[in-house]
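Each remark here refers to the structure printed beneath this line.
Worth knowing before you read on, the calculation uses all heavy atoms, side chains too, and leaves out hydrogens, waters and symmetry mates. By convention here, the first residue in the shown sequence is residue 1.
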Amino acid sequence: MVMKNIRNFCIIAHIDHGKSTLADRLLQATNTISERDMMDQVLDDMDLEREKGITIKSHAIQINYKYKNGEDYTLNLIDTPGHVDFSYEVSRALAACEGALLLVDATQGIQAQTISNLYLAIENDLEIIPVINKIDMDGAMIEEVTDQIIELIGCKKEDILLASGRAGIGITEILEGIVERIPSPKGNPEAPLQALIFDCVFNPFRGIIVYYRIVNGSIRKNEKIKFVSTDQEYDADEVGILKLKMQQTQIVDCGNVGYLITGIKNAKEVKVGDTIISAANPAEAIQGFEEVKPMVFAGIFPVVTDDFEELRDCMEKLQLNDASLTFELETSQALGFGFRCGFLGLLHMEIIQERLEREFDQTVITTVPNVSFVAYTTRGEKINVNNPTEMPDPTQMDRIEEPFIKAQIITKPEYIGNIMTLCLGKRGILINQSYLTQTRVELIFEMPLTEIVFDFYDKLKSQTRGYASFDYHPLEYRESDIVKMDILLNSEKVDALSALIHRSRAQEFGRKLCEKLKELLPRQQFQIAIQAAIGAKIVARENISAMRKDVTAKCYGGDISRKRKLLEKQKEGKKRMRQIGNVEVPQEAFLAVLKLDD
């Protein structure tokens, strides 16, 4: 009976579909939170989430709901992010659920990212409940959006629920729909314990808190449990369920979502996607949980080299909370010891840097982001190139391959020309163009990933006045003419500013970067030469002139040879100064690459 009255579901939507407001309304309708608490965003409790208006972390919460027949139901809601860079969070949440609310904005219609998350849910065999939100807005296109949903998932018109998170319309119908349509968890309460870890957080006082979904069996307080991947045994010091705050219980039953505290302090001992089993009666690991695949790589270095060990601890704690972050040790001639980090996208990289500064008080330097390439040498060796320093010598290289993606853009017909110009300029290939409705067109491109990691999304938004949604999926690696561009300051390489770029764009990129660095680098007592080089060939150059002291000011008349003598003496001094002079590179210079068109 306990299993029958449990429903596990998540909300999938685009970034701005009012998902958080609707989730808060569901909590209010079931008396999980009060009207006073509704004034704030309850589930988006991170400062960054509230500032940017996006969900970064999936948030699990349990709701107790009394159905119309008087029966009590337990609803486990996981509020998921909507941006493409946090799709790994969504995939983990879907693995712990049986159903999903598909939230579509009545004023915007279906967006590319919503479709992407919907396909993830369908692959996981989830029951989909379509909901049209913001029906009380002036520009709501209810009939048009209804037709889009019917065409997309093949449901009936009466299956689609209408709601407004802001006004609280349709909340009861959604709760009833969850109970009626989403199946109860399939699992055996009598079987040995099997629980899937879908998230973790680090608490400085309690250690690592593990969030899990029980597939089979149950977990009791003080029970001896074991993590399959590390083969380590622990005592379950505290178990409980996830209400607005953690609520301790003696047992967490089969099918439920809960938390576990074992006093683990080392971040490496817990892995998201791992299986918790009983030490006394061990079971098999749960299969099918995918490993994260980073798309964008960048170096993160402490500003003060002595802070390296502290930064390592912070990165490990952050990785617990964000399993899609990967990092490994890296050294740089210019920046010292740091980490080579893998991110799911540029927004993900920006969020990680912000969180390091806010949550851990770490000021860091982030190097030029780039993607992972595959180089083949003349000896037949295969080398993964994650940063420019790993690039083999051109004389020993047979070919290099770069990752391609399938880009899906949904927009209005009047912006097709702008999008075509943008994508073809980024070496894109148009694969398909189809009209979803009379006012919605879908464009499919195949593009190199390296072309979209910098500023593609921002440019797309500006070219279409915000009326375009973008999503992408990785394809295979394809052969390409990629070269390594070095930046030289007074003939010395700055490895942190090196970049891997397509040969056709190298000269333009080098010229822009040299111009930007000329603006950002402070003037010295000597001339600074900024050069962009591909191998031994200089493709762009800028000079920062020396600050000149007027040494002839004290000459008031007399022969010109006196002035010339003083100038020659100054010239000799400047030559010696340049030989021993070091150029200080400010942090803004490392970020300049991202904003070359500003």
Side-chain angles (χ1 to χ4, degrees), residues 297-299 332-335 365 367-371 373 375 377-378 383 385-400 402 425-427 448 450-451 453-455 480-548 571-572 574-598:
F297 294 85
S332 160
Q333 293 169 4
L335 302 171
I365 293 173
T367 63
V368 180
N370 60 273
V371 302
F373 299 90
T377 63
T378 48
I383 301 168
V385 181
N386 290 334
N387 64 357
T389 55
E390 294 174 6
M391 183 89 154
D393 190 90
T395 56
Q396 299 173 358
M397 198 162 63
D398 178 41
R399 68 185 191 279
I400 188 163
E402 65 175 328
K426 297 279 189 182
R427 299 190 284 134
T450 185
E451 295 287 350
V453 297
F454 289 124
D455 54 0
S480 193
D481 190 8
I482 300 293
V483 293
K484 178 187 175 186
M485 175 175 286
D486 292 309
I487 298 297
L488 311 176
L489 296 181
N490 279 348
S491 304
E492 286 186 21
K493 285 183 186 177
V494 183
D495 57 353
L497 288 172
S498 298
L500 296 169
I501 192 164
H502 195 266
R503 194 182 294 274
S504 63
R505 295 193 56 205
Q507 193 160 351
E508 181 197 2
F509 180 83
R511 192 178 68 252
K512 283 184 177 178
L513 185 53
C514 287
E515 287 170 1
K516 196 78 176 179
L517 288 171
K518 184 180 179 180
E519 293 172 24
L520 292 169
L521 293 179
R523 287 174 71 187
Q524 306 284 346
Q525 292 285 349
F526 51 91
Q527 180 181 299
I528 302 170
I530 306 167
Q531 296 169 306
I534 298 171
K537 184 183 177 185
I538 305 295
V539 294
R541 173 175 174 139
E542 292 286 339
N543 288 332
I544 300 176
S545 56
M547 287 192 289
R548 183 167 178 247
K571 201 171 172 185
E572 285 298 316
K574 284 195 183 293
K575 193 184 286 182
R576 284 200 307 274
M577 189 183 284
R578 186 161 67 238
Q579 285 170 359
I580 60 167
N582 288 323
V583 183
E584 286 190 6
V585 184
Q587 186 174 349
E588 292 78 26
F590 298 107
L591 305 175
V593 187
L594 306 179
K595 301 167 184 172
L596 288 181
D597 292 330
D598 286 5

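The environment of Gln507 atom CD is sparse: at most 12 non-hydrogen atoms of other residues, nucleotides or ligands sit within 6.0 angstrom.
When side chains are defined from C-beta on, Asp481 does not count as touching Ser504, because their heavy atoms never get closer than 4.5 Å. Put simply, the side chain of Ile501 does not reach to within 4.5 Å of the side chain of Ile482, judged on heavy atoms. Ile400 is not listed as a side-chain neighbour of Pro392, based on a closest heavy-atom distance of 4.5 Å or more. The shortest distance between side-chain heavy atoms of Val483 and Leu500 does not fall below 4.5 Å. The side-chain heavy atoms of Leu489 and Ile530, taken from C-beta on, include a pair separated by under 4.5 Å.
Listed by chain and residue number, nothing satisfies the salt bridge (Lys or Arg N to Asp or Glu O under 4.0 Å) test with Arg541 (two or more places apart in sequence, or in another chain).
The pair Glu451-Arg505 meets the salt-bridge criterion, since a charged nitrogen lies less than 4.0 angstrom from a carboxylate oxygen.
Rounding to the nearest 0.5 angstrom, the gap separating the CE atom in Met397 from the NZ atom in Lys484 is 11.0 Å. The CE atom of Met485 sits 4.5 Å away from atom CD1 of Ile534, with the distance rounded to the nearest 0.5 Å. The NE2 atom of His502 sits 4.5 Å away from the CZ atom of Arg427 when rounded to the nearest 0.5 Å. Rounding to the nearest 0.5 Å gives a distance of 4.5 Å between OG1 of Thr450 and CZ of Phe373.
Of all non-hydrogen atoms in Gly510 and Ala532, the two that sit nearest each other are CA-CB, 3.8 Å. Nearest heavy-atom pair across Glu402 and Pro448 is OE1-CB, 3.6 Å.
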